[in-house]
Colleague: 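Below is a structure I'd like to ask you about.
These figures come from a predicted structure and were not determined experimentally. Each chain gets a letter, A, B and so on, in the order its sequence line appears, and its residues count up from 1.
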2 protein chains.
Amino acid sequence: MRTRGGDRRAAILRAAAELFAARGFRSVSIEDLGRAVGTTGPALYRHFPGKEALLAEVLLDISERLLRQGTEHVAAHPDPNDALDALLRGHIAFALAEPALITVHDRELLHVPEEPRRKIRRLQRAYLEQWVDVLAAVRPTTPTPVLRTAVHATFGLLNSTPHSAGELDRDHLAELLFTMARTALLAAGK
Amino acid sequence: MRTRGGDRRAAILRAAAELFAARGFRSVSIEDLGRAVGTTGPALYRHFPGKEALLAEVLLDISERLLRQGTEHVAAHPDPNDALDALLRGHIAFALAEPALITVHDRELLHVPEEPRRKIRRLQRAYLEQWVDVLAAVRPTTPTPVLRTAVHATFGLLNSTPHSAGELDRDHLAELLFTMARTALLAAGK
DNA sequence: CGGTCCTGTTAATGCTCATTAACATCGGAG
DNA sequence: CTCCGATGTTAATGAGCATTAACAGGACCG
């Protein structure tokens with residue numbers, strides 16, 4: 001029994017993110033995951049060493065994508081104000097496109113085993129430092145701890161997206177989040 | 001074996017919030033909860049009908065406290081600008097004082113059984129509507145769905161507190177959050 | 001005193017679930 | 001055509017854990 005694109009694996013990752021976001025890591029069984037991609041539970045072990053490793057890979061993937069996207073945006077915009085806007089729009093686009101990933105991302109890190117968790121944290125920290133560096137260029141007099149905290153808080157604001165079930169259409173929501181986040185971030189610098 | 005204050009029950013609720021916040025509902029066993037308050041696991045059943053009911057009570061308590069506090073603040077400030085500031089400061093104080101409660105509050109609702117969940121949601125919605133009403137008085141021309149979403153996003157910002165491990169001291173953090181949230185909220189109204 | 005409620009304790013009970021075993025099937029390489 | 005590796009399937013296995021049973025002591029009330 002072969003899949004056309006050859007990516008049962010990718011399908012599992014996608015389904016896992018969705019299910020973990022909706023019901024929480026511990027409440028999703030291996031059998032649930034198998035069923036979601038049209039196989040039985042144990043088939044999963046042909047693709048991943050175990051349930052926790054699967055979660056780790058989901059989180060690793062998210063963190064890497066965010067960091068890579070951030071790096072690209074920063075590189076593409078020499079002016080820090082432009083870079084900041086690009087970071088904001090990029091993060092918002094990601095959050096709107098992949099609410100499940102965003103949800104899992106800050107909810108389930110706790111269930112990842114020690115070693116991959118360290119790596120994920122490193123990536124998350126690197127992503128955050130990108131923001132801090134850009135922000136520091138815009139607000140040179142504000143102490144770094146303040147900037148770091150402000151960026152953290154901004155992530156909280158942006159990642160609230162999945163909880164705001166569609167009262168607004170995508171574009172208005174994106175615009176609203178952009179405005180709020182940008183003003184909040186700049187207000188943080190005194 | 002009697003407890004002096006007679007509140008084994010309250011101790012369990014406190015410990016549960018702490019443990020659920022740190023490790024997640026499903027990862028905390030009845031035995032863990034018992035041990036945390038100096039008894040064995042099953043003793044818990046003398047105070048709560050079960051683990052889910054215990055979680056429900058924790059969340060109910062939080063939601064009620066936030067709503068009550070909000071009501072008081074709104075009642076105490078006829079001017080909507082003052083009321084908004086009071087709501088902000090109140091929420092921030094709560095989040096800083098009880099990071100565990102805040103964490104559990106928006107992470108574990110999913111594990112609460114149907115019936116209490118409805119009640120908790122109603123309280124959360126009522127709390128949110130308090131903010132929306134006050135904000136609407138300050139920004140009369142902004143459509144309600146925008147205000148609602150903005151308040152949601154602001155909660156995301158404020159509740160990020162537990163994740164910002166102490167880079168800043170309490171007072172600076174509170175002030176920073178206040179400034180960011182206030183500007184974001186007001187910027188939302190065009 | 002004697003009984004009853006309250007709160008604990010330890011020892012079942014049963015279920016869910018991750019993981020592994022043992023056994024198919026199929027497609028492609030030779 | 002045949003063999004092998006990749007991928008599935010179903011049936012153990014075993015652990016963890018919520019919940020319940022059965023039993024005990026102490027406080028308070030009469």
Side-chain angles (χ1 to χ4, degrees), chain A residues 1-59 104 108-117, chain B residues 1-59 104 108-117:
Chain A
M1 223 165 275
R2 191 58 63 92
T3 4
R4 287 152 306 266
D7 43 5
R8 183 58 45 95
R9 190 185 161 81
I12 295 174
L13 285 169
R14 202 152 352 113
E18 220 62 56
L19 289 175
F20 292 162
R23 317 216 295 260
F25 178 70
R26 291 299 251 254
S27 305
V28 175
S29 72
I30 293 290
E31 180 57 33
D32 292 334
L33 290 169
R35 197 175 316 120
V37 297
T39 70
T40 61
L44 189 142
Y45 288 89
R46 299 298 174 191
H47 304 276
F48 302 93
K51 199 186 171 190
E52 289 186 332
L54 168 56
L55 175 66
E57 195 150 333
V58 171
L59 293 197
V104 170
E108 310 286 9
L109 184 57
L110 185 155
H111 294 113
V112 173
E114 195 51 24
E115 190 257 322
R117 177 163 45 196
Chain B
M1 226 165 272
R2 193 56 66 93
T3 4
R4 287 151 304 267
D7 43 6
R8 182 58 46 93
R9 191 184 160 81
I12 294 174
L13 286 168
R14 202 153 351 116
E18 219 62 58
L19 288 175
F20 292 161
R23 315 215 297 259
F25 178 70
R26 292 299 252 252
S27 306
V28 175
S29 73
I30 293 289
E31 180 57 33
D32 291 335
L33 290 168
R35 197 174 317 119
V37 297
T39 71
T40 63
L44 188 142
Y45 290 88
R46 298 297 174 193
H47 303 275
F48 302 93
K51 199 186 170 190
E52 290 186 331
L54 168 56
L55 175 66
E57 193 149 333
V58 171
L59 294 198
V104 170
E108 310 287 9
L109 183 57
L110 182 156
H111 294 113
V112 173
E114 196 51 24
E115 190 257 322
R117 178 162 46 194

Colleague: Between A:E108 and A:F25 (side chain of the first, backbone of the second, donor and acceptor by atom type, cut-off under 3.5 Å), is there such a pair?
Modeller: yes
Colleague: Any side-chain heavy atom of B:V37 sitting closer than 4.5 Å to one from B:L44?
Modeller: no
Colleague: Taking CZ from B:R35 and P from C:dT10, how many angstroms apart are they, rounded to a whole number?
Modeller: 12 Å
Colleague: Is the shortest side-chain N/O distance from B:H47 to OP1 or OP2 of C:dC6 below 4.0 Å?
Modeller: no
Colleague: Does B:R23 reach the main-chain N or O of B:V28 with its side chain, forming a donor-acceptor pair under 3.5 Å?
Modeller: no
Colleague: Is the phosphate of D:dG8 approached by A:R8 (side-chain N or O, under 4.0 Å from OP1 or OP2)?
Modeller: yes
Colleague: How close or far is atom P of D:dG8 from atom CG of A:L33, stated in whole angstroms?
Modeller: 14 Å
Colleague: Is the shortest side-chain heavy-atom distance between A:F20 and A:L33 below 4.5 Å?
Modeller: yes
Colleague: Mind checking the CG-NE2 spacing from A:L13 to A:H47? Nearest 0.5 Å is all I need.
Modeller: 10.5 Å
Colleague: Taking only side-chain N and O atoms of A:T40, does any of them lie within less than 4.0 angstrom of OP1 or OP2 on D:dT9?
Modeller: yes
Colleague: So which protein N/O to nucleotides 16-18 of chain C N/O distances come out below 3.5 Å?
Modeller:
unit_1: C:dA18; atom_1: OP1; unit_2: A:V28; atom_2: O; d: 3.4
unit_1: C:dA18; atom_1: OP1; unit_2: A:K51; atom_2: NZ; d: 2.9
unit_1: C:dA18; atom_1: OP2; unit_2: A:I30; atom_2: N; d: 2.7

Colleague: Nearest to the A:R46 side chain among C:dG8, D:dT10, C:dA22, which nucleotide is it?
Modeller: C:dA22
Colleague: Does B:R117 reach the main-chain N or O of B:L110 with its side chain, forming a donor-acceptor pair under 3.5 Å?
Modeller: yes
Colleague: Which whole-number value in Å describes the distance from B:L44 CG to D:dT20 P?
Modeller: 12 Å
Colleague: Between C1' on D:dA6 and CG on A:D7, what's the gap in Å once rounded to a whole number?
Modeller: 15 Å
Colleague: Rounded to whole Å, how long is the line connecting atom CD of B:E52 with atom P of D:dC17?
Modeller: 16 Å
